Protein chains: 2
Amino acid sequence: MKYGTYVKVSCPERAILEHVTSRWGVLVLVALLDAGTLRFSELRDGIGDVSEKMLTQTLRTLERDGFVRRHARPVIPPHVDYTLTDLGREAALKVQALADWTSSRVPAVAAAQSTYDAARG
Amino acid sequence: MKYGTYVKVSCPERAILEHVTSRWGVLVLVALLDAGTLRFSELRDGIGDVSEKMLTQTLRTLERDGFVRRHARPVIPPHVDYTLTDLGREAALKVQALADWTSSRVPAVAAAQSTYDAARG
DNA sequence: CTGTATCCATGATGATACTG
DNA sequence: CAGTATCATCATGGATACAG
């Protein structure tokens with residue numbers, strides 16, 4: 001079984017971890033942390049390379065977990081805003097911290113990989 | 001592959017993040033952080049439910065990234081020890097911090113999910 | 001504009017069997 | 001003991017088309 005992003009994981013902690021560290025989850029959380037409020041199309045364009053399907057799926061999951069608040073204005077054409085909840089802000093800060101640390105160690109990891117690859121093949 | 005305007009998550013960074021937050025990556029890092037040194041079989045038994053294939057794969061990835069050091073003693077039967085490098089200890093601490101935070105918010109997330117599911121379907 | 005529905009290629013995953 | 005090899009399966013994510 002794949003340790004799915006959406007359900008079917010025995011350990012709830014593991015599931016939540018998957019949600020916030022998932023490919024698009026990280027980007028959505030950090031984007032909303034930086035911008036405060038973003039529309040669906042702003043998230044889609046800002047993140048880039050994300051399909052609408054995956055963005056919707058990611059937003060639904062984060063909304064269900066209580067990390068993201070969805071505000072749909074009853075207008076035509078539709079206008080939907082997304083913001084972080086307090087819980088979501090906590091999550092976003094933690095995830096950003098991990099992402100920042102990772103970013104800072106990219107050179108060290110790249111060096112380690114080169115060494116490893118050179119020694120083996 | 002290009003990422004966001006709001007977020008600067010490069011591909012190598014994303015890959016590293018996936019390595020350390022992967023299902024078995026988290027468990028291996030935390031196990032080694034707690035125990036200091038563990039043999040292959042100790043990791044396999046301690047983590048539980050992990051196939052030898054996935055454990056090997058996880059260990060190789062973490063070793064290549066410079067997070068884990070592998071020490072194979074030239075004896076029969078084979079005896080292989082795994083420990084964290086300094087870089088790996090940093091990673092393990094960050095990951096454990098995120099995992100601990102996640103663990104502490106499981107009730108809040110569960111409540112949010114119940115609310116969401118009740119309101120919708 | 002903000003989604004939903006459907007199909008499908010890809011790749012991750014784990015069971016099993018085997019090896020040095 | 002510590003892996004490696006092979007294979008079946010099944011979720012994941014992307015493309016596409018369409019709807020409200």
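Quick note on labels: first sequence line is chain A, next is B, and so on, each numbered from 1. Bear in mind the structure is a predicted one, so any value in this text is a computation, not a measurement.
The separation between B:Leu43 atom CG and D:dG3 atom C1' is 14 Å, rounded to whole Å. Here D:dG3 presents its P atom at 10 Å from CZ of B:Arg39, a figure rounded to the nearest Å. When rounded to the nearest whole Å, the span between CD of B:Glu63 and P of D:dA2 equals 15 Å. Taking atom NE2 on A:His79 and atom C1' on C:dG3, their separation rounds to 15 Å, with Å as the unit.
Distance alone, capped at 3.5 Å, places no donor-acceptor pair between the B:Ser103 side chain and the B:Ala99 backbone. Put simply, the side chain of B:Gln113 never gets that close to the backbone of B:Ala110: no donor and acceptor are under 3.5 Å apart. A:Thr102 contributes a side-chain N or O that, together with a main-chain N or O of A:Leu98, makes up a donor-acceptor pair within less than 3.5 Å. Here the side chain of A:Thr85 pairs a donor or acceptor atom with the backbone of A:Gly66 at under 3.5 angstrom. Side-chain N or O atoms of B:Gln96 include none that pairs as donor or acceptor with a backbone N or O of B:Leu93 at under 3.5 Å.
With respect to A:Asp81 and A:Arg69, no salt bridge is recorded, no charged nitrogen being found less than 4.0 Å from a carboxylate O.
For A:Trp24 and D:dG14, the shortest distance from a side-chain N or O to OP1 or OP2 is below 4.0 Å. The phosphate of C:dG3 has OP1 or OP2 within less than 4.0 Å of a side-chain N or O from A:Tyr82. Listed pair B:Arg23 / C:dA12 fails the phosphate criterion, with no side-chain N or O lying under 4.0 Å from OP1 or OP2. Of the side-chain N and O atoms in A:Arg60, none sit less than 4.0 angstrom from OP1 or OP2 of C:dT2.
Residues from residues 44-59 of chain B placing a heavy atom under 4.0 Å of any atom in DNA chain D, listed by number, are B:Glu52, B:Lys53, B:Thr56. Near DNA chain D, meaning a heavy atom under 4.0 Å away, the residues from residues 67-78 of chain A are A:Pro78.
Here OG1 of B:Thr58 is found 6.5 Å from CG of B:Leu62. Values are rounded to the nearest 0.5 Å.
Annotation: side chain of B:Leu17 is not in contact with side chain of A:Thr21 (no heavy-atom distance under 4.5 Å).
With sequence neighbours excluded, the residues that form a side-chain hydrogen bond (donor to acceptor under 3.5 Å, both in side chains) with A:Glu90 are B:Trp101.
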